[in-house]
Amino acid sequence: MGRKNPDTQRVSPNEIKSTGVKLEDSTKISMEGEKQQSKLGRRLLLFSAPFTGHMNPMLNLATILYSKGFSITIIQAPYFPTNPAHYPHFTFKLLDDEVLEKYSKSPEIDSSVVISAMNRTCEEPFRDCLGQILRETAVAEQDPVVALIADPMWAFSGSVAASFNLPKIMLRTGNMSAFLVYCSLTLLNEKGYFPPQDTTLEEKIPEFPPLKVKDLPSESDRHILQAIVEGTTTSQGVICNTFEELEDYAIAKLQQTLTIPIFPLGPLHKHPANSVVNIGSQDQTSIAWLNTQAPKSVLYVSFGSIAGMNKDEFLELMWGLLDSMVPFLLVIRPKLVKGSEADDPLPEGYREMMGERGHIVKWASQLEVLSHPAVGGFLTHNGWNSTLESICEGVPMVCKPLFADQNMNARHVSENWKIGLKMERGVKRDEVTRAIRKLMLEEGAEMRSRITDLKEKATHCLEEGGSSYKSLERLTKYLLSFETFQAIKE
Ligand code: UDX
C-alpha cells in the first residue's frame, strides 16, 4: 500500500487531475495571463529535480527571478509535482514519463531508484517538452525564452538544451563546500581518501579542513556526483543557495578553478520576494503546541524529506531524546525508519512516557517552526536546506547526518562555524541525551551567539549592496545578455 506524501505542497499527478487543479488548466491560465509581456520581455525555463530539498530552492529562485521581471515556466517530472495552484503566476509543464508517474503511486520507493529512473527515462520526454515550449512561445508571440535553469541531477539537461542552442545555467541546491569536494574526487581518489575504505576513519583531510575521511560521500554516490560536476562545469553559470560570508573559501576556490561565473544568491527563502508566497500552513498543531512552551526551551527534531535510518539508530535517538528531559517537537514522516511498515515506529508506551513534554507530527511547517520563539535547538540530519534555514533563524544544532552531503555539512556546522554538536555514527542513547542537554542547557550560549552573528550576515547579504543582492544584479544582467531563442514558426 502506498503511503500518502506528508509534504502537502506536493501532489501526485493524479491528485492534480482529480482535485480540479488541472495542470493543463493552470498552464493555460498562466499562458493567457502572460500574453502581455513581462517587465523584461524574457522567459526562463526552470527544471527542478523532483525532491522537496531541490524543489523548494528552485521555486524560491523562480519567485525571485519573476520579481526581477522575467516570465517563468516550470518544467516538472511527474513524481509528486508541486501543486501549480500555489504559484498561479508561473506556467507549469509536466513531463510525460510513465516510469516516474508509476513511482508517484508508490512513495516507499527509494530515492536512489527514482534518481536512476530520472536519467534513464526522462531525456526524450524532456526534449519533446522543451521543443514544444520553444515552439509555443514563439508562435503565440509570448516572451521569448533566454535560458534553461536546471538542477544538475538531470544529467542530460545540458546536452538537450545545447541541441536547441539554449544556454543552460545550473542551480546548485546544496552548498559550495561540498561541491568543491565533488569537483576534487579525482584528487581525493589519487591521495587514497576517496572512496573512504572505512566509514569510521578519523583521519583529517589536510586539503579540505575540517573534513575527515569518514565524512566523504560513499562509492555508491560516485556516478551521480560525477554527473553533477560534469553538468555544472559545462554549463554557462552556476547559481547557488549560499552566501559569500558563509562560504567565502569554497566560493573563491571554485571561482579560481571554474571558467564559468558563480552566483551565490542565498539564502533564497529569505529573499523579500519569497515573503509573499503563501503555500498555506501545513500543520497547525505544531505552532499551537509551541505557543504553550517557554522561550528557547524546545528542541525541534526533523530529518528532512527523504533520508532514512535503521530501526536501532532510530530507537537510540528516540530514547536519548526522552531521557534528555528537554521538551521536543518531533517529525516522524513515513519512510523515516528503513524497513518499518508500521504506521507508528515508536516503541509501545513511548507516547505515554513522553506525555505533554513532546509533540509528534508527520510533517511540520519547518520555516514557521524554526522562527518560533519557543524553539532553542534543532536536532537535524543537516540536509543543506535545513542547515541554512537553521542558520537564518539563529537556531544552533545537534547534528545527526545520515547520507550524501550531510556528513560534510555537519562537520562544517560543528568544527568550522562552531554552531552545533555533531553526533558520530552508531550513537548510543546516553550520548544522544548528553549532546541534547549540552546544547539546550549547558554550552548552547556560545553557539547561539555565533549563529546569531551568521543570521545577521544572512540578512544583510540580501539587502541593497549586500553580497547576494549584488550577485542577483549580476545574474540578471548576464541572463539579459543571452540572445532570445528564435524558433521557426511553422
Ligand atoms: C536532500 C538531501 O537529503 C540533502 O542532503 C541535500 O542537501 C538536499 O537534498 P532533504 O533530505 O529533504 O534534502 O533535506 P533538506 O535539504 O534539509 O530539505 C528538506 C526541506 O523540507 C527543507 O526546506 C525543510 O524546511 C522542509 N521540511 C522538512 C518541512 O517543511 N517540514 C518537515 O517536516 C521536514
Side-chain angles (χ1 to χ4, degrees), residues 199-200 202 214-215 286 289-290 293-294 296-304 307-340 342 344-364 366 369-370 374-383 386-387 390 395-403 406-407 409-411 413-415 418-448 451:
T199 51
T200 59
E202 292 293 333
K214 66 179 184 179
D215 302 329
S286 296
W289 182 80
L290 285 172
Q293 304 298 313
K296 305 236 180 302
S297 66
V298 174
L299 182 72
Y300 170 56
V301 185
S302 177
F303 301 95
M309 63 180 85
N310 66 41
K311 180 123 197 187
D312 288 348
E313 207 175 1
F314 173 75
L315 291 179
E316 292 298 311
L317 276 171
M318 292 303 108
W319 288 124
L321 181 59
L322 199 64
D323 291 349
S324 74
M325 302 309 288
V326 164
F328 59 89
L329 169 62
L330 168 63
V331 180
I332 304 184
R333 65 171 157 73
K335 279 212 307 179
L336 175 62
V337 184
K338 285 182 192 163
S340 166
D344 186 0
L346 286 168
E348 222 184 299
Y350 188 95
R351 286 172 190 266
E352 289 71 27
M353 281 185 263
M354 172 187 89
E356 299 290 302
R357 190 157 58 79
H359 183 74
I360 303 177
V361 291
K362 285 203 167 88
W363 188 255
Q366 184 159 303
V369 166
L370 285 171
V375 173
F378 185 10
L379 171 48
T380 170
H381 70 315
N382 286 115
S386 293
T387 306
S390 210
V395 177
M397 291 161 257
V398 177
C399 311
K400 180 67 193 85
L402 296 168
F403 80 124
Q406 298 159 13
N407 280 295
N409 301 344
R411 188 69 64 199
V413 164
S414 62
E415 288 178 35
K418 297 186 169 55
I419 53 176
L421 298 169
K422 183 174 187 289
M423 293 191 289
E424 304 296 341
R425 282 189 174 89
V427 69
K428 295 288 171 217
R429 68 191 269 181
D430 56 332
E431 296 168 85
V432 176
T433 302
R434 254 202 310 279
I436 293 173
R437 289 188 65 83
K438 202 166 164 185
L439 184 93
M440 299 297 287
L441 308 169
E442 295 157 20
E443 292 169 28
E446 277 184 26
M447 281 181 255
R448 195 178 308 284
I451 203 169

Worksheet item: Closest heavy-atom contact between Ala294 and Ser297?
Response: O-OG, 2.7 Å

Worksheet item: Can you tell me how far the CH2 atom of Trp319 sits from the OG atom of Ser324, to the nearest 0.5 Å?
Response: 13.0 Å

Discussion item. Let me confirm one number: the CG-CE distance from Leu346 to Met353, rounded to the nearest 0.5 Å.
Written reply: 10.0 Å

Fill in: Student check: side-chain heavy atoms of Ser302 and Gln366 closer than 4.5 Å
yes

Worksheet item: Quick check: are there more than 12 heavy atoms from other residues, nucleotides or ligands sitting under 6.0 Å from CD of Glu446?
Response: no

Practice prompt. Calculate, to the nearest 0.5 Å, the distance between atoms CD1 and CE belonging to Ile360 and Met318 respectively.
Written response: 8.0 Å

Worksheet item: So, do Met354 and Leu322 sit near enough that their side-chain heavy atoms are less than 4.5 Å apart?
Response: yes

Discussion item. Please check this pair: side chain of Arg357 against backbone of Phe328, looking for a donor-acceptor N/O pair closer than 3.5 Å.
Written reply: no

Worksheet item: How far apart are the C-alpha atoms of Leu321 and Ile436, what are their side-chain angles, what is the distance that settles it, and do they pass the side chain to side chain contact (heavy atoms under 4.5 Å, CB included) test?
Response: CA-CA 7 Å; Leu321 181 59; Ile436 293 173; 3.8 Å; yes

Item to complete: With the side chain counted from C-beta on, respond yes when Ile332 and Pro345 share a heavy-atom pair under 4.5 Å apart, and no when they do not.
Response: yes

Item to complete: Just do the side chain to side chain contact (heavy atoms under 4.5 Å, CB included) check on Glu202 and Lys214 with the steps written out, would you?
Response: CA-CA 6 Å; Glu202 292 293 333; Lys214 66 179 184 179; 2.7 Å; yes

Worksheet entry | Intermediate values then yes/no, side chain to side chain contact (heavy atoms under 4.5 Å, CB included), Val413 and Lys422 | CA-CA 8 Å; Val413 164; Lys422 183 174 187 289; over 6 Å; no

Practice prompt. Output yes when Arg411 and Glu424 qualify as a salt bridge under the 4.0 Å nitrogen-oxygen rule, no when they do not.
Written response: yes

Item to complete: For residues Leu370 and Ser390, determine if any side-chain heavy atom of one lies less than 4.5 Å from a side-chain heavy atom of the other.
Response: yes

Practice prompt. Could you grab the distance from atom CZ of Arg351 to atom CG of Asp344, nearest 0.5 Å is fine?
Written response: 4.0 Å

Fill in: Atom pair CG (Leu402) and CD (Gln406), whose distance is rounded to the nearest 0.5 Å
5.5 Å

Worksheet item: Taking side chain as C-beta onward, heavy atoms only, is Val331 less than 4.5 Å from Tyr300?
Response: yes

Worksheet item: Do you know the tightest heavy-atom contact between Val369 and Ala364?
Response: CG2-CB, 4.1 Å

Worksheet item: Taking all atoms of both residues into account, what is the closest heavy-atom pair of Pro401 and Asn407, and its distance?
Response: CG-OD1, 3.2 Å

Discussion item. So does Arg429 get a backbone contact from the side chain of Thr433, meaning a donor-acceptor N/O pair under 3.5 Å?
Written reply: yes

Worksheet item: Hey, are the side chains of Leu379 and Met423 touching, using non-hydrogen atoms and a 4.5 Å cut-off?
Response: yes

Worksheet entry | Whether His381 and Phe303 hold their rings parallel, tilted or perpendicular, with breakpoints at 30° and 60° | perpendicular

Practice prompt. Go through the structure and list residues passing side-chain contact (heavy atoms from CB on, under 4.5 Å) with Ala374, not counting sequence neighbours.
Written response: Leu290, Gln293, Val298, His372

Fill in: Flag side-chain contact, heavy atom, 4.5 Å: Lys400 against Glu313
yes

Worksheet item: Do side-chain atoms of Asn409 reach the backbone of Asn382 as a donor and acceptor pair under 3.5 angstrom?
Response: yes

Discussion item. Once rounded to the nearest 0.5 Å, what's the spacing between atom CZ of Phe314 and atom NZ of Lys338?
Written reply: 14.0 Å

Worksheet entry | Lys362 to Pro334 - nearest heavy-atom pair and separation | CD-CD, 4.5 Å

Worksheet item: Would you call Ser386 and Met397 a side-chain contact if the rule is heavy atoms closer than 4.5 Å?
Response: no

Fill in: Sequence-distant partners of Glu442, side-chain contact (heavy atoms from CB on, under 4.5 Å), two or more places apart
Arg437, Lys438

Response to the item:
Nearest heavy-atom approach of Ser286 to Leu329 is OG-CD1, 3.7 Å

